[in-house]
Amino acid sequence: MSGPAAGTAVAATTTDVVCLGESMVTFLPSQPGRLADVPSFGRGIGGAESNVACALAAAGHRAAWVGRVGADGFGDHLVETIASYGVDTSAVRRDPVRPTGIYFRTATDRGTDTHEVAYYRAGSAASAMSPANVPYEELFAGRILHLSGITAALSGDCLALLRELTAARPGRPLVSFDVNHRPHLWRGGDADASVLLELARRADLVFVGEDEAEEAWGIVGAEAIRAAVPEPSVLVVKRGSAGATVFASGLRPGPRSSNAGGAEDTDTVTHVPALRVDVVAAVGAGDAFAAGFLSATLRGLPVRDRARHGHLMAAAVLTVPGDLTEPPARDHADRLVALDDDAWGTLRLGPGWTAADRASEEVRTP
């Protein structure tokens with residue numbers, strides 16, 4: 001059977017966000033340098049969608065991660081670690097034949113020429129996800145279904161699955177889609193650009209970096225990106241240190257009707273400056289931003305506050321070495337989000353800021 005059966009009842013919503021995608025065991029270097037020179041690695045986990053689920057659960061939401069891992073020790077480690085954040089992993093499937101994916105990376109920023117990543121994910125259990133073997137009832141059980149373009153690049157079956165999940169149908173939850181353009185994962189040609197644009201236009205809430213839109217689509221500037229992706233109710237264009245620009249024509253955290261939020265609607269455009277952060281490692285910041293934005297969306301907060309929560313969640317990850325960390329307490333984050341524009345502009349966050357009990361303890365003026 002391909003896709004959910006016609007007329008299948010959608011499960012009662014007991015979950016805030018369901019995230020689907022590949023998670024892998026990550027081997028993090030013990031010291032800077034080339035992979036050839038690093039003597040040892042520490043074990044962690046990595047995966048855009050599971051990162052979002054873990055951050056949301058740590059922030060107090062009911063989050064689930066759906067994926068496919070091998071029937072091996074690495075699969076055990078992934079499921080146990082993700083579950084330890086409070087994420088529901090009951091819908092994760094084990095593949096008796098294919099292995100869990102792993103990768104090694106250097107300590108340098110992903111955007112630098114010296115950064116290296118060695119993936120061992122070809123033929124992984126997650127690459128075998130398809131419309132025929134995922135638990136649709138669990139996927140549609142949340143208020144939001146979060147996906148990313150990484151999954152579409154894993155295999156033809158994975159792409160078919162994302163097309164099924166982003167198809168307009170009654171009872172579909174709000175679909176959140178992070179473009180996450182990873183050129184090295186695609187199988188050659190320009191298919192990645194057209195596929196990612198297609199999937200983005202079928203979603204309700206889209207996250208895309210200004211840099212990746214230029215790389216994948218040859219589109220420069222937030223307004224031009226919105227013109228190319230007019231359908232989503234909310235489009236978040238991440239602009240690095242310049243902040244984020246949010247185009248919003250519909251703000252509800254629920255299902256949309258076909259073509260809702262299209263070009264005929266009038267957008268509200270909100271620009272939210274980024275924070276100044278003493279960066280320890282840049283890996284995982286995009287996933288954390290998405291988690292912060294989704295958290296505030298679930299709470300029905302205004303657009304500016306949604307983006308500010310995204311920036312704060314990203315700042316929490318930027319100030320630690322790994323992809324995941326404990327987010328700021330909700331009341332702590334709410335106090336910072338409520339600052340006026342001048343005060344927001346003077347914030348500078350460094351390692352340990354999320355543990356501060358009072359705003360004054362983590363604010364350092366230039």
Side-chain angles (χ1 to χ4, degrees), residues 1-3 19-29 35-36 38 41-53 65-83 89-106 110 115-136 138-139 146-166 177-196 198-199 216 283-284 287 323:
M1 178 182 69
S2 176
C19 302
L20 173 133
E22 179 172 34
S23 191
M24 294 175 290
V25 172
T26 311
F27 289 93
L28 308 174
L35 287 178
V38 175
F41 296 80
R43 186 178 65 175
I45 66 170
E49 302 84 2
S50 59
N51 284 348
V52 171
W65 172 62
V66 177
R68 193 173 181 88
V69 300
D72 49 34
F74 287 147
D76 294 340
H77 175 66
L78 277 176
V79 174
E80 291 167 6
T81 303
I82 293 170
T89 59
S90 60
V92 175
R93 299 295 187 258
R94 308 301 290 259
D95 191 309
V97 177
R98 300 172 182 84
T100 303
I102 65 173
Y103 73 98
F104 298 76
R105 67 172 173 86
T106 53
R110 184 163 54 196
H115 183 67
E116 297 174 73
V117 181
Y119 286 105
Y120 299 89
R121 73 196 305 180
S124 69
S127 70
M129 290 188 296
S130 77
N133 63 16
V134 297
Y136 281 94
E138 285 89 344
L139 286 172
H146 181 70
L147 310 168
S148 94
I150 294 173
T151 305
L154 298 180
S155 68
D157 282 342
C158 284
L159 173 55
L161 174 60
L162 285 204
R163 284 179 166 144
E164 285 277 1
L165 295 175
T166 56
F177 180 71
D178 193 334
V179 170
N180 263 331
H181 182 226
R182 300 288 187 268
H184 60 276
L185 291 180
W186 290 87
R187 297 164 293 283
D190 297 324
D192 56 334
S194 60
V195 164
L196 293 174
E198 170 200 344
L199 294 172
V283 178
D287 304 329
D323 292 24

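All of these numbers come straight from a predicted model, not from anything done at the bench.
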Check side-chain contact (heavy atoms from CB on, under 4.5 Å) between [X] and all other residues, then give those that pass, not counting sequence neighbours.
X      : value
Ala128 : Arg68, Asp95, Arg98
Arg163 : Leu159, Val195, Glu198, Leu199, Arg202
Ser23  : Ser50, Trp65, Leu78, Ile82

Say you draw a straight line from [atom1] of [X] to [atom2] of [Y]; how long is it, rounded to the nearest 0.5 Å?
X      : Y      : atom1 : atom2 : result
Ser148 : Leu196 : OG    : CG    : 9.0 Å
Leu185 : Arg121 : CG    : CZ    : 5.0 Å
Thr26  : Phe74  : OG1   : CZ    : 11.0 Å
Asp157 : Leu162 : CG    : CG    : 11.5 Å

Taking all heavy atoms of [X] and all of [Y], pick out the closest pair and write down the distance.
X      : Y      : result
Pro183 : Asp192 : CA-OD2, 4.5 Å
Ala125 : Gly70  : CB-N, 3.6 Å
Leu161 : Ser130 : CD1-O, 3.9 Å
Leu35  : Ala118 : CD1-CB, 4.0 Å
Ala193 : Ala216 : CB-O, 3.0 Å
Gly101 : Ser124 : N-CB, 4.0 Å

Are the side chains of [X] and [Y] in touch, meaning some heavy atoms are under 4.5 Å apart?
X      : Y      : answer
His146 : Leu20  : no
Met129 : Val66  : no
Asn133 : Arg93  : no
Phe177 : Thr166 : no

Do [X] side-chain atoms and [Y] backbone N/O form a donor-acceptor pair below 3.5 Å?
X      : Y      : value
Arg43  : Phe27  : no
Glu138 : Ala91  : no
Thr151 : Cys158 : no
Thr100 : Gly75  : yes
Thr89  : Ala83  : no

| request: Assign the ring pair Tyr119 / Tyr103 to parallel, tilted or perpendicular, where the plane angle (0 to 90°) is split at 30° and 60°. | output: tilted
| Under 30°, 30 to 60°, or over 60°: which ring-plane class applies to Phe41 and Phe104, parallel, tilted or perpendicular? | perpendicular
| said: side chain to side chain contact (heavy atoms under 4.5 Å, CB included) for Val38 and Thr106? Distances and angles first, verdict last. | reply: CA-CA 8 Å; Val38 175; Thr106 53; 5.5 Å; no
